[in-house]
Amino acid sequence: MGRLNMVQALNLALLQEMERDGDVLILGEDVGVDGGVFRVTEGLHTKFGGKRVIDSPLAESAIVGTAVGMALYGLKPVCEIQFSGFAFQGFHQIENHVARYRMRSQGRFHCQLVVRMPYGGGVRALEHHSESEEQFYAHIPGLKMVIPSGPRSARALLVSAIRDPDPVIFFEPKALYHAAKEDVPDEIETLPIGPARVAREGRDVTLVAYGAMLAVAGEVARVLHDEDGVEAEVVDLLTLAPLDRETLAASVRKTGRAVVVHEAPRSFGAGAEIATSIMEGAFLSLQAPIRRVTAYDVPFVGSARERANLPDAARVLDAARETLAF
Amino acid sequence: MPRTPVEPRFGLEYLSILDADGTLDAALEPDLPPDTLLKLYRAMLLGRRLDERMVRLQRQGRIGTFPPIKGQEAAQIGSVAVLRPTDWMVPSFRETAAMLWRGWPIEQLLLLFAGRLEGGRPGPHQQDLPITIPVATQLPHAVGLAYAAQYREEDVVVMAYFGDGATSEGDFHEALNFAGVWHVPVVFMCQNNQWAISVPLKKQTHSRTLAQKALAYGFPGLQVDGNDVLAVYAASREAVERARAGDGPTLIECVTYRLGVHTTADDPSRYRSEGEVKEWERKDPLTRFRVHLQRKHLLEDGLEQQVDAEIARAVERFEAAPPADPLTMFDHVYGERPPHLEAQRAELARRLEEAEGRAAAAPPGEAEPSPPPMRGQRNTSRWAG
Ligand SMILES: Cc1ncc(C[n+]2csc(CCOP(=O)(O)OP(=O)(O)O)c2C)c(N)n1
């Protein structure tokens with residue numbers, strides 16, 4: 001397929017899975033004729049028709065809720081929530097039903113569905129268009145929670161998510177939609193849900209990130225190498241739930257130090273879970289307290305202050321250096 | 001530029017066939033063979049007797065909190081009876097009688113209300129969803145099922161149950177809206193039992209009927225006497241036939257009454273009058289149907305005893321069920337158990353083994369402490385199951 005950006009890569013995943021499996025269908029606001037406000041579903045309506053690419057009425061609860069019914073019937077709906085900030089109107093369906101159907105029916109039914117949504121900041125958008133809410137989903141037993149960090153991983157993970165027998169919440173870092181292109185192979189590629197990826201090998205400190213923050217961690221690793229002669233290992237989580245505790249612990253057993261980076265507010269966030277899991281798996285290897293670099297514990301700050309709120313390379317670099325100097 | 005009427009007045013009907021005295025409107029009577037009539041009556045009776053038995057079992061602490069159906073037997077049986085086994089039934093939490101009709105074993109429902117999830121598992125070929133506790137949230141599921149049936153071009157209709165309170169929730173409106181837009185084979189079966197816990201209908205909605213809400217979504221609504229099994233049956237059959245013929249959804253409002261408590265944790269004397277209950281007892285769906293069957297010389301002797309014996313046997317099987325295995329809680333969270341759950345399961349397994357060891361060593365008479373009872377819940381050790 002050549003070099004694709006994340007939007008094109010996601011579109012390819014949907015196209016190929018829909019060609020392969022007539023049970024896969026898409027529903028959401030503006031996903032049909034318009035191709036989605038970010039164009040992730042572009043062309044699919046023309047190709048597959050309105051019965052499979054459904055321009056639904058504007059109602060997130062019913063988008064998720066009707067997808068539950070479709071999934072219980074055996075279809076594989078992929079819901080698009082236009083922005084993750086509006087998923088709360090459907091959140092109760094996710095928490096009350098999507099996550100529990102297997103348990104509640106003791107295995108008689110399960111919800112094979114994907115809820116895709118763009119999340120995160122860095123694009124100077126409005127309130128409810130910039131927040132990172134991954135912790136709400138990662139906390140719910142019964143859900144899987146995936147956050148790709150580039151076009152190729154996005155495409156492969158989305159294919160896996162659609163095929164996964166469990167419900168998958170699929171967060172798309174909207175700051176990365178057009179940020180970079182990557183070589184994406186023609187043939188369908190999958191990536192297992194669960195394992196993290198060591199994006200860069202190192203022995204001195206582990207930087208843990210996901211989604212749009214992976215690029216920040218990568219930049220910090222380069223600076224540490226060039227300016228400090230320090231080799232940082234970068235772990236790209238890819239899946240928040242289930243969390244790959246083993247890869248995290250293995251990395252920190254090697255480096256003895258960890259800095260966790262995420263865009264969501266700090267308190268009760270993913271960083272706390274990641275840090276605790278590192279403690280449980282590599283306590284005796286730790287040379288310094290684990291640091292979290294995150295957004296502050298404040299509501300949406302407005303796009304004018306967004307840069308001040310989101311972790312950037314400077315903040316992560318400071319935290320990494322403090323950790324190294326501890 | 002004049003004001004022009006854009007929507008002619010909708011005719012909204014109320015259907016009643018067999019009134020409270022057992023008087024029949026023969027012109028409207030659905031054409032049902034005697035054995036069907038008897039089957040409907042027996043199912044209503046089973047629903048009633050089981051309900052009464054369950055209240056006693058709950059008071060004895062042998063099952064947990066549950067929502068009784070007393071008074072709503074006609075609404076449930078009259079509607080569910082028109083479905084085929086291949087159709088889908090989507091219950092709320094108060095559809096015990098309808099579930100029995102659909103083949104749920106009595107002891108399984110008892111297990112469910114004794115707090116055991118395995119009791120909520122539909123049979124392998126049963127096209128029923130498990131009960132739904134959050135009000136109205138099952139309605140979009142029903143619409144999704146109906147969409148999927150239509151997508152697969154299968155001859156399947158979905159019937160979804162809910163109460164009057166549910167019509168205030170956003171999910172009710174979203175579900176009806178989607179159903180109308182998608183034109184899918186779903187029947188929305190509202191049991192307007194006049195109360196949502198302590199809130200009466202007039203504080204739930206300012207509209208004159210619940211049935212009329214369908215009109216806003218572009219499909220028919222119909223009000224029926226929900227204590228009249230023949231009226232419910234006739235209306236439901238019509239709606240299901242419409243759905244099957246590709247003519248889209250219908251909303252049916254069964255005007256009925258919850259004669260008992262909202263749940264066994266509820267005390268209705270705080271919010272409604274005895275007089276009101278007495279008034280509705282005169283409209284009891286069972287009494288009038290019994291009169292009707294007597295007039296037709298269809299009633300069999302000993303039906304009560306038969307039904308009670310069936311319940312008694314099921315209660316025995318329920319009581320004989322082995323205790324719940326705590327380790328099964330990890331079984332159906334994901335299709336494949338992830339490592340962290342494997343670890344947590346191992347942790348619990350270890351603790352259970354240790355506890356067993358301690359119990360074997362403990363002096364006799366040292367019992368597990370019981371959890372504090374809920375309102376209306378007797379404190380007994382059975383509840384712990
Ligand atoms: C979303 C939600 N909110 C609140 C409750 C608590 N609750 C349980 S039943 C009920 C009243 C339901 O009334 P109605 O829909 O009329 O059904 P009925 O109980 O009368 O059958 C309430 C408020 C709930 N189960 N779900």
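Interface check for chain B: of the options A:Arg108, A:Met70, A:Glu246, A:Arg52, the most heavy-atom pairs under 4.5 Å are formed by A:Arg108. Between chain B and the options A:Ser105, A:Gly74, A:Ala67, A:Pro165, heavy-atom pairs under 4.5 Å are most frequent for A:Ser105. For chain B, the option among A:Pro141, A:Pro242, A:Gly107 with the highest count of heavy-atom pairs below 4.5 Å is A:Gly107. Here A:Thr66 is the residue among A:Asn96, A:Thr66, A:Ile54 with the most heavy-atom pairs under 4.5 Å with chain B. Of the listed residues (A:Gln106, A:Gln93, A:Arg100, A:His97), the one with the most heavy-atom contacts under 4.5 Å to chain B is A:Gln106. Of all the listed residues (B:Ala142, B:Pro122, B:Pro134, B:Gly170), the one sharing the greatest number of non-hydrogen pairs under 4.5 Å with chain A is B:Pro122. The residue among B:Ala175, B:Pro339, B:Gly119, B:Gly123 with the most heavy atom pairs within less than 4.5 Å of chain A is B:Gly123. Of the listed residues (B:Glu336, B:Gln127, B:Gln138, B:Glu154), the one with the most heavy-atom contacts under 4.5 Å to chain A is B:Glu154. Of the residues considered (B:Met329, B:Gln126, B:His332), B:His332 shows the highest number of contacts with chain A, using heavy-atom pairs under 4.5 Å.
With a 4.5 Å cut-off on side-chain heavy atoms, A:Val168 and A:Leu143 do not count as touching. Using a 4.5 Å heavy-atom cutoff, the side chains of A:Tyr73 and A:Asp23 are not in contact. At least one side-chain heavy atom of A:Glu273 sits under 4.5 Å from a side-chain heavy atom of A:Arg245. Residues B:Val80 and B:Tyr161 form a side-chain contact, since some pair of their non-hydrogen atoms from C-beta on lies under 4.5 Å apart.
Summarising the geometry, atom CD1 belonging to B:Ile63 is positioned 4.0 Å from atom CE belonging to B:Met54; distances are rounded to the nearest 0.5 Å. Rounded to the nearest 0.5 Å, atoms CG (B:Leu111) and CD (B:Glu118) are 6.0 Å apart.
Contacts between B:Gln150 and chain A at a heavy-atom distance below 4.5 Å involve the backbone alone (N, CA, C, O). For chain A, the nearby parts of B:Leu129 are the backbone and the side chain; heavy atoms of each come within less than 4.5 Å. Contacts between B:Pro338 and chain A at a heavy-atom distance below 4.5 Å involve the side chain alone, from C-beta outward. For B:Ala149, the parts lying near chain A are the backbone and the side chain together; criterion is any non-hydrogen pair under 4.5 Å. Within the 4.5 angstrom heavy-atom criterion, only side-chain atoms of B:Val156, from C-beta onward, approach chain A. Neither the backbone nor the side chain of A:Ile193 comes within less than 4.5 Å of any heavy atom in chain B. Proximity to chain A (any heavy atom under 4.5 Å) is shown, for B:Tyr334, by both the backbone and the side chain. Neither the backbone nor the side chain of A:Glu95 comes within less than 4.5 Å of any heavy atom in chain B. For B:Val333, the parts lying under 4.5 angstrom from a heavy atom of chain A are both the backbone and the side chain.
Aromatic rings of B:Tyr147 and B:Phe178 (six-membered ring for Trp) have centroids beyond the 6.0 Å cut-off, not under it. Taking the six-membered ring where the residue is Trp, the centroids of A:Phe171 and A:Tyr137 are separated by under 6.0 Å. Annotation: B:Phe93 is not in aromatic contact with B:Phe66 [ring centroid separation under 6.0 Å not met].
Using a cut-off of 4.0 Å between Lys/Arg side-chain N and Asp/Glu carboxylate O, B:Glu253 and B:Lys213 are scored as not salt-bridged. A salt bridge links B:Asp87 to B:Arg244: one of the charged nitrogens lies within less than 4.0 Å of a carboxylate oxygen.
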